[in-house]
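Have a look at the structure below before the remarks.
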Amino acid sequence: MKKIIHTVLLSAGILSVCVMTENKFMLRKRCENLGGELKIFHISDNHKRNNHVFNKKIVKLAAEEMPDLIFVTGDLVSRYETEFTETEKLLSRLGEIAPVYMCMGNHEQSLPQHKQREFLDMVNGTAARLLRNESENINVRGKKLCICGVEQDYSTYKNDDSYKALDEFTLKQMKALMGECSDRETLLLAHNPLFAETYAEWGADFTFSGHVHGGVVRIFGKGLLSPERRFFPKYSKGVYSVKNMKLLVSAGIGKLRLFNPPEVVVYNMS
């Protein structure tokens with residue numbers, strides 16, 4: 001019996017150290033070579049790790065990579081944030097490295113109204129471009145690109161304070177928000193990857209997402225849980241082919257996690 005107790009205590013101790021190390025100190029860079037010379041640095045779901053320690057690591061990794069573009073796919077802050085000094089510093093420093101494009105996440109959407117105004121004013125005071133159901137045409141490395149950011153209703157994340165009976169997001173709704181997809185190569189920033197089929201139907205060539213936090217706990221390469229309290233979400237981390245579109249999902253940086261280190265992602269793409 002004592003041996004069993006000692007084994008359990010030892011296992012619990014080792015697991016605790018692993019959790020603390022992974023969540024407090026680690027930040028990995030995942031590299032995805034999709035072919036081509038365009039380099040994109042992808043950040044998502046900082047949440048409460050939007051602090052000096054983690055932001056310094058993010059800026060260092062971005063500076064080392066010298067990307068052509070930096071994408072931030074939502075939940076840069078948590079809904080309980082009271083001030084945005086570190087966020088402003090992060091966006092300003094990233095903007096010195098490359099153009100920064102952002103979309104809103106569900107946490108930014110659910111900030112108290114006065115705090116959301118502060119957040120938006122803060123972003124507008126930096127060089128970052130926040131796309132709220134908007135598009136921008138740019139030329140990079142001789143490529144004609146359309147960068148888009150979509151923002152669904154908050155009811156697709158939480159409805160009447162419940163995760164049950166969440167609203168869907170259809171192609172019709174996508175077109176109502178974004179219009180028709182551009183003839184240019186289209187790179188879509190969409191916080192929620194769970195509507196990937198809609199993004200693909202609309203015509204996006206690449207969609208950059210986060211939200212699922214890698215599934216919180218990863219078991220045999222699969223994410224266990226989505227923020228909607230659904231087990232084994234279809235898209236949690238990695239590169240997925242959805243019809244003619246590539247879905248690029250970051251496991252993000254913040255939130256408690258296990259066997260699922262915080263990450264930034266670097267894509268080399270055509």
Side-chain angles (χ1 to χ4, degrees), residues 28-44 58-74 76 90-105 123-151 171 174-175 177-191 193 195-210 235 237-252 263-270:
R28 289 188 176 176
K29 177 178 67 178
R30 173 162 59 92
C31 297
E32 298 286 355
N33 187 354
L34 305 180
E37 297 181 354
L38 181 68
K39 183 181 284 190
I40 296 176
F41 190 86
H42 182 193
I43 303 163
S44 199
I58 293 168
V59 171
K60 182 177 183 292
L61 290 171
E64 289 172 353
E65 289 294 331
M66 291 303 296
D68 299 295
L69 299 167
I70 296 174
F71 290 165
V72 183
T73 53
L76 184 57
L90 175 63
L91 292 176
S92 296
R93 288 168 182 164
L94 290 174
E96 295 170 359
I97 298 169
V100 179
Y101 290 88
M102 305 171 53
C103 68
M104 295 276 271
V123 173
N124 288 334
T126 72
R129 178 81 166 93
L130 176 60
L131 299 172
R132 304 187 71 186
N133 300 320
E134 299 171 278
S135 302
E136 186 170 299
N137 291 333
I138 63 172
N139 296 330
V140 182
R141 291 187 178 271
K143 297 176 66 65
K144 296 181 178 180
L145 302 175
C146 181
I147 313 296
C148 309
V150 69
E151 183 178 333
L171 177 60
M174 181 80 179
K175 287 183 176 180
L177 293 176
M178 299 295 301
E180 295 291 337
C181 187
S182 173
D183 291 334
R184 288 180 169 226
E185 186 171 4
T186 299
L187 280 57
L188 175 66
L189 310 187
H191 180 63
F195 300 115
E197 284 73 14
T198 293
Y199 310 144
E201 278 187 86
W202 181 65
D205 295 291
F206 297 90
T207 293
F208 298 78
S209 296
Y235 308 116
K237 171 184 174 178
V239 177
Y240 303 87
S241 294
V242 183
K243 298 181 180 177
N244 294 322
M245 181 189 78
K246 291 293 185 186
L247 175 66
L248 313 174
V249 184
S250 170
E263 67 173 17
V264 296
V265 193
V266 179
Y267 304 97
N268 285 92
M269 49 198 297
S270 59

Task: Gap between atom CZ of F71 and atom CG of L188 - 0.5 Å precision - done: 9.5 Å
- [ ] Evaluate side chain to side chain contact (heavy atoms under 4.5 Å, CB included) for V242 paired with E197, printing each intermediate quantity in order.
- [x] CA-CA 7 Å; V242 183; E197 284 73 14; 4.1 Å; yes
Task: Member of Y199, Y240, F195 meeting the ring-ring contact (aromatic ring centres under 6.0 Å, His included) criterion with Y235 - done: Y240
Task: Note, C148 side chain near T186 side chain (heavy atom, < 4.5 Å) - done: yes
Task: Exceeds 12 heavy-atom contacts within 6.0 angstrom, atom CZ of R132 - done: yes
- [ ] Kindly write out the residues that satisfy salt bridge (charged side-chain N to carboxylate O under 4.0 Å, His left out) with R184, not counting sequence neighbours, or none if the list is empty.
- [x] none
TODO: Keeping the roles fixed (side chain from S209, backbone from A190), state whether a donor-acceptor pair exists under 3.5 Å.
DONE: yes
Task: K39 side chain vs E65 backbone, donor-acceptor pair below 3.5 Å - done: yes
Open item on the list: Looking at E185 and K144, is any side-chain nitrogen of the basic one under 4.0 Å from a carboxylate oxygen of the acidic one?
Closed with: no
TODO: May I ask you to test the L131-C103 pair for a side-chain heavy-atom distance under 4.5 Å?
DONE: no
Open item on the list: Apply side chain to side chain contact (heavy atoms under 4.5 Å, CB included) to residues L130 and M104 and explain how you reach the verdict.
Closed with: CA-CA 8 Å; L130 176 60; M104 295 276 271; 4.1 Å; yes
TODO: Verify, without hydrogens or angle tests, whether N133 (side chain) and E151 (backbone) share a donor-acceptor contact under 3.5 angstrom.
DONE: yes
Task: Straight-line distance of K60 NZ to R93 CZ, nearest 0.5 Å - done: 14.5 Å
Open item on the list: How long is the straight-line distance from CG of L145 back to CG of L187, given to the nearest 0.5 Å?
Closed with: 5.5 Å
Task: Qualifying residues under salt bridge (charged side-chain N to carboxylate O under 4.0 Å, His left out), relative to E96, sequence neighbours excluded - done: none
TODO: Evaluate the side-chain proximity of R129 to I147: yes if any heavy-atom separation is below 4.5 Å, no if none is.
DONE: no
- [ ] Start with the C-alpha gap between F208 and I40, add the side-chain angles, then the distance that decides, and say whether side chain to side chain contact (heavy atoms under 4.5 Å, CB included) holds.
- [x] CA-CA 10 Å; F208 298 78; I40 296 176; 3.8 Å; yes
- [ ] Walk me through it: do K237 and S250 pass the test side chain to side chain donor-acceptor pair (under 3.5 Å)?
- [x] CA-CA 5 Å; K237 171 184 174 178; S250 170; over 6 Å; no
Open item on the list: For D183, is the CG atom crowded, meaning more than 12 foreign heavy atoms sit under 6.0 Å from it?
Closed with: no
- [ ] Verify the distance criterion only: is there a donor paired with an acceptor across the side chains of T207 and K246 at less than 3.5 Å?
- [x] no
Task: Beyond-backbone contact of F41 with I97, side-chain heavy atoms, under 4.5 angstrom - done: no
